[in-house]
Colleague: 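Mind having a look at this structure? Questions to follow.
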Amino acid sequence: MANDDLEILLDAETIARRVRELAAQISADYRGRPLRLVGILKGAWVFLADLVRELPLEVTVDFISIESYGDNSTTTGAVKITKDLDRSIEGLDVLVVEDILDTGHTFEYLRGVLEAHKPGSLKVVTLLDKPSRRVRPVQVDYVGFTIPDVFVVGYGLDYAQQYRNLPDVRVLRKTL
Ligand code: IMP
Ligand code: MG
């Protein structure tokens, strides 16, 4: 770990500015309507915490926890729910808060799970998008940053559960 090369891709100030822009857009789109945020654990919790404090709306928050990768950075396409929603989303305006869209496997699975609960509407905000890696088609409503095909950590994102506490988004190049 000490040898890991961690180059800053998005610094904390750049992220904060973009989070405020996204929040302004979301607030305008949902004005006057109660909104249920559904955060995807664990990666999205830092982003959600910053985003929710910029939303001058009637907001409630729930989390769903899914595992897609095990403890390394290679995708398998296998996804399972390890913590379900606590409250029904039936008939509600739901905004899913994601950390990063990569192959799209995780979100495709998640959308199926959430649609089955019959929300009134379902939109997605993702902090990061790596469209070059997409295998499954995904419709995203709000994107923070489109990034190249690099493995990133920090601001909630992990490698083997490490680095979630970094205040910025950095590129992890394993030097081994
Ligand atoms: P997908 O199913 O390939 O779209 O993967 C989405 C999930 O993989 C995300 O929610 C992350 O947990 C993880 N992931 C994908 N790319 C990265 C990355 O660059 N850094 C950290 N986690 C990632
Ligand atoms: Mg992860």
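We use all heavy atoms of the structure for the numbers below, so side chains are in, but hydrogens, waters and symmetry mates are not. Order of listing sets the numbers, starting from 1, for every ligand and every atom in it.
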Colleague: If you measure only the distance, is there a donor-acceptor pair under 3.5 Å linking the side chains of Thr14 and Asp11?
Modeller: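 A donor-acceptor contact under 3.5 Å links the two side chains.
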Colleague: Is there a heavy atom of Asp158 sitting under 4.0 angstrom from any atom of ligand 1?
Modeller: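 Asp158 counts as a contact of ligand 1 under the 4.0 Å cut-off.
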Colleague: Tell me whether ligand 1 is touched by Gly43 - counting only heavy atoms on the residue side and a distance under 4.0 Å.
Modeller: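 Gly43 does not count as a contact of ligand 1 under the 4.0 Å cut-off.
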Colleague: Can you list the atoms of ligand 1 that are under 4.0 Å from a heavy atom of Asp99?
Modeller: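 Near Asp99, the atoms of ligand 1 are 9 (C), 10 (O), 11 (C), 12 (O).
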Colleague: Mark up the atoms of ligand 1 that fall under 4.0 Å of a heavy atom belonging to Val150, in ascending order.
Modeller: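 Close to Val150: 19 (O).
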Colleague: Can a donor-acceptor pair be found, under 3.5 Å and without considering hydrogens, that links the side chain of Arg170 to the backbone of Ile8?
Modeller: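 A pair under 3.5 Å: no.
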Colleague: Could you see which bit of Ile40 sits under 4.0 Å from ligand 1, with heavy atoms only: side chain, backbone, both or neither?
Modeller: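 Neither; nothing of Ile40 gets under 4.0 Å from ligand 1.
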Colleague: Measuring from Leu128:CG to Leu10:CG, what's the distance to the nearest 0.5 Å?
Modeller: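 Rounded to the nearest 0.5 Å, the CG-CG separation comes out at 6.5 Å.
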Colleague: Considering only heavy atoms, which of Thr103, Thr106, Val153, Val171 lies nearest to atom 3 (O) of ligand 1?
Modeller: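 Selected option, by shortest heavy-atom distance: Thr103.
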Colleague: Give the atom numbers and elements of ligand 1 that come within less than 4.0 Å of a heavy atom of Lys130.
Modeller: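 This gives 16 (N), 17 (C), 18 (C), 19 (O) as the contact atoms.
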Colleague: Hey, can you tell me if Tyr159 and Phe151 have their rings parallel, tilted or perpendicular (30° and 60° cut-offs)?
Modeller: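 Plane angle over 60°, so perpendicular.
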Colleague: Under 3.5 Å between some N or O of ligand 1 and some N or O of Phe151?
Modeller: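 Looking only at distances, the answer is no, because the N/O contact criterion of under 3.5 Å is not met.
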Colleague: Verify the distance criterion only: is there a donor paired with an acceptor across the side chains of Asp99 and Tyr155 at less than 3.5 Å?
Modeller: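 There is no such pair (donor and acceptor under 3.5 Å, judged by atom type) between the side chains of Asp99 and Tyr155.
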Colleague: Which atoms of ligand 1 are found less than 4.0 Å from any heavy atom of Glu98?
Modeller: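 Near Glu98, the atoms of ligand 1 are 10 (O).
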Colleague: Do Arg133 and Thr103 pair up side chain to side chain, a donor and an acceptor below 3.5 Å, judged on atom types alone?
Modeller: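 No, Thr103 and Arg133 have no side-chain donor paired with an acceptor closer than 3.5 Å.
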Colleague: We want to know whether Asp93 and Ser121 form a side-chain donor-acceptor pair, criterion being a heavy-atom distance below 3.5 angstrom.
Modeller: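 Yes, Ser121 and Asp93 have a side-chain donor paired with an acceptor closer than 3.5 Å.
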Colleague: Should Leu157 be counted as touching ligand 1, given the test is an N or O pair under 3.5 Å?
Modeller: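 Leu157 vs ligand 1: no N/O contact under 3.5 Å.
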